[in-house]
Amino acid sequence: MVRDYYGILGIERGAGPDEIKRAYRRLARELHPDVNPDPEAQERFREVSTAYEVLTDPEKRRIVDLGGDPLSNGGAGGGADPFSAFGFGDIMDAFFGAAGGGRGRGPRSRVQPGADALIRMQLNLEECATGVQRELAVDTAVVCSDCGGSGCAPGCSPTVCDICGGSGEVQTVQRSFLGQVVTSRPCPTCRGFGEVIPDPCRQCAGDGRVRVRRSVGVRIPAGVADGMRVRLAGQGEVGAGGGPAGDLYVEVEEIPHDVFTRDGADLHCTVSLPMTAAALGTTLPLPTLDGVEELHVEPGTQTGTVRTLRGKGMPRLRSTGRVDGQGDLMVHIDVAVPTKLDKEQIELLRQLARLRGEEQPDLAVGSRNGHGLFSRLRDSFGGR
Ligand SMILES: [Zn+2]
Ligand SMILES: [Zn+2]
């Protein structure tokens with residue numbers, strides 16, 4: 001059976017190379033296993049890729065045009081599946097052109113960009129409010145001072161790897177039921193660099209970098225919160241071969257405060273007021289992050305009342321790194337009912353209860369509209 005390679009790509013017999021490539025790209029976009037997991041599409045993708053491979057190979061295409069099939073076993077005792085002979089390289093060629101397509105082959109560079117580093121810094125609430133300037137001890141890789149990053153001992157320089165001939169990779173050919181499979185992997189002798197250092201630097205063992213502990217100054221702006229990161233460009237790890245350093249991130253770890261809890265730029269605290277002060281009203285000193293403020297308590301203040309002190313919260317840090325105003329301080333008031341009363345206090349409270357007609361409290365009195373649930377309940381049971 002002769003396969004219709006032109007038909008598989010949906011093109012005319014006389015199609016030029018560009019037309020073949022266009023047809024293949026169009027079909028690959030639709031059928032590639034990465035975009036189309038359907039098994040039938042994968043089968044078609046194999047066919048399409050094979051047709052592309054055959055029609056872009058002048059010798060194979062000539063056989064097709066003569067009415068033959070360059071991939072038929074032709075009694076050669078095959079067993080090889082003609083539709084297996086495509087690889088990712090062909091796709092890259094079709095999409096990017098043969099020259100320099102994709103990741104490109106060849107040795108990898110000894111010089112690699114460095115990784116970012118992260119350190120954590122504990123700050124209390126006051127420090128988060130004001131911002132801090134600190135020296136931090138950081139352990140990162142830095143350029144080796146002995147070899148300047150080259151990894152070579154004095155007087156030595158890298159030589160071409162004689163195992164891979166400088167290509168950085170070695171090929172292995174395996175025979176399998178799919179036919180010959182050629183795989184390449186990084187050269188184990190030079191680790192893919194294509195070159196070896198005959199006499200590595202003593203201090204860094206050829207890596208071009210060494211780990212040291214050093215001191216880095218960091219400025220944390222006012223208004224930071226738990227989990228926020230300050231980036232110090234180029235203060236991270238130096239890369240292999242003395243490659244450019246990554247960044248250093250300093251992450252804020254906020255220590256919870258004893259009095260204030262934080263909600264963005266707003267602060268919350270709870271104050272406990274004696275029952276008498278809540279009833280009579282009072283003014284009391286309230287320590288805040290900005291110093292002591294006067295808290296005015298209106299007569300008749302209830303538990304759950306929230307007093308807002310505008311601008312007494314945390315600096316509001318915008319994503320631009322600028323501070324834009326201050327949050328508020330929310331004071332939650334909790335009225336404390338006395339638990340230990342002496343004889344005289346009990347007598348006074350009884351007297352007060354008598355004066356207020358509260359010796360036999362009516363539960364409905366407590367509801368908001370005066371005709372609450374409890375009075376309706378009581379009425380329905382035919383009470384008093
Ligand atoms: Zn060195
Ligand atoms: Zn090598």
Side-chain angles (χ1 to χ4, degrees), residues 53 84-119 135-176 178-218 231-250:
E53 199 204 52
S84 69
F86 70 92
F88 195 58
D90 300 327
I91 302 172
M92 299 310 277
D93 287 354
F95 277 92
F96 301 107
R103 253 188 70 210
R105 304 226 160 180
R108 66 192 180 105
S109 172
R110 181 178 295 281
V111 180
Q112 300 288 325
D116 294 337
L118 174 72
I119 50 173
E135 290 291 315
L136 290 177
V138 289
D139 282 297
T140 60
V142 299
V143 175
C144 171
S145 55
D146 275 18
C147 63
S150 73
C152 298
C156 137
S157 58
T159 56
V160 172
C161 171
D162 46 15
I163 299 301
C164 63
S167 70
E169 53 187 29
V170 286
Q171 259 107 39
T172 35
V173 180
Q174 284 176 308
R175 297 200 67 86
S176 76
L178 293 175
Q180 266 196 359
V181 180
V182 180
T183 50
S184 36
R185 60 196 168 92
C187 169
T189 304
C190 62
R191 291 186 293 145
F193 297 132
E195 55 179 32
V196 288
I197 296 175
D199 188 11
C201 167
R202 306 283 182 281
Q203 188 177 231
C204 65
D207 194 31
R209 54 182 177 169
V210 286
R211 295 203 78 81
V212 294
R213 169 164 282 229
R214 65 206 161 96
S215 180
V216 175
V218 57
R231 175 170 160 265
L232 301 175
Q235 296 282 3
E237 309 274 353
V238 158
D247 298 333
L248 173 66
Y249 289 90
V250 180

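Atoms within each ligand, like the ligands themselves, are counted from 1 in listed order. Since the structure is predicted, the reported quantities are computational estimates derived from the model, not experimental observations.
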Pairs of donor and acceptor atoms involving the side chains of residues 155-162, under 3.5 Å and at least two apart or interchain, shall be tabulated with distances.
none

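- Side chain of Arg110 to main chain of Glu195: a donor-acceptor pair is present (N/O by atom type, distance under 3.5 Å, no hydrogens or angles).
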**Message:** Let's go through Arg209 and Cys204 carefully: what are the C-alpha distance in whole Å and the side-chain angles of both, what is the deciding distance for side-chain contact (heavy atoms from CB on, under 4.5 Å) to 0.1 Å, and is it a yes or a no?
**Reply:** CA-CA 6 Å; Arg209 54 182 177 169; Cys204 65; 5.9 Å; no
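- The main-chain N or O of Asp247 is found under 3.5 Å from a side-chain atom of Asp116 such that the two form a donor-acceptor pair.
- In summary, Cys152 places no N/O/S atom under 2.8 Å from the Zn ion (ligand 1), failing the contact criterion.
- Residue Val138 is tested with Val212, Leu248, Val218 for a side chain to side chain contact (heavy atoms under 4.5 Å, CB included); the sole match is Leu248.
- Sparse packing is recorded around CZ of Arg191, with 12 or fewer heavy atoms of other residues, nucleotides or ligands lying under 6.0 Å away.
- Using modelled atom types, one side-chain atom of Arg211 and one backbone atom of Asp139 make a donor-acceptor pair closer than 3.5 Å.
- Rounding to the nearest 10°, we obtain 110° for the angle at the Zn ion (ligand 1) between Cys204 SG and Cys144 SG.
- Counting only protein N, O or S atoms, 4 lie closer than 2.8 Å to the Zn ion (ligand 2).
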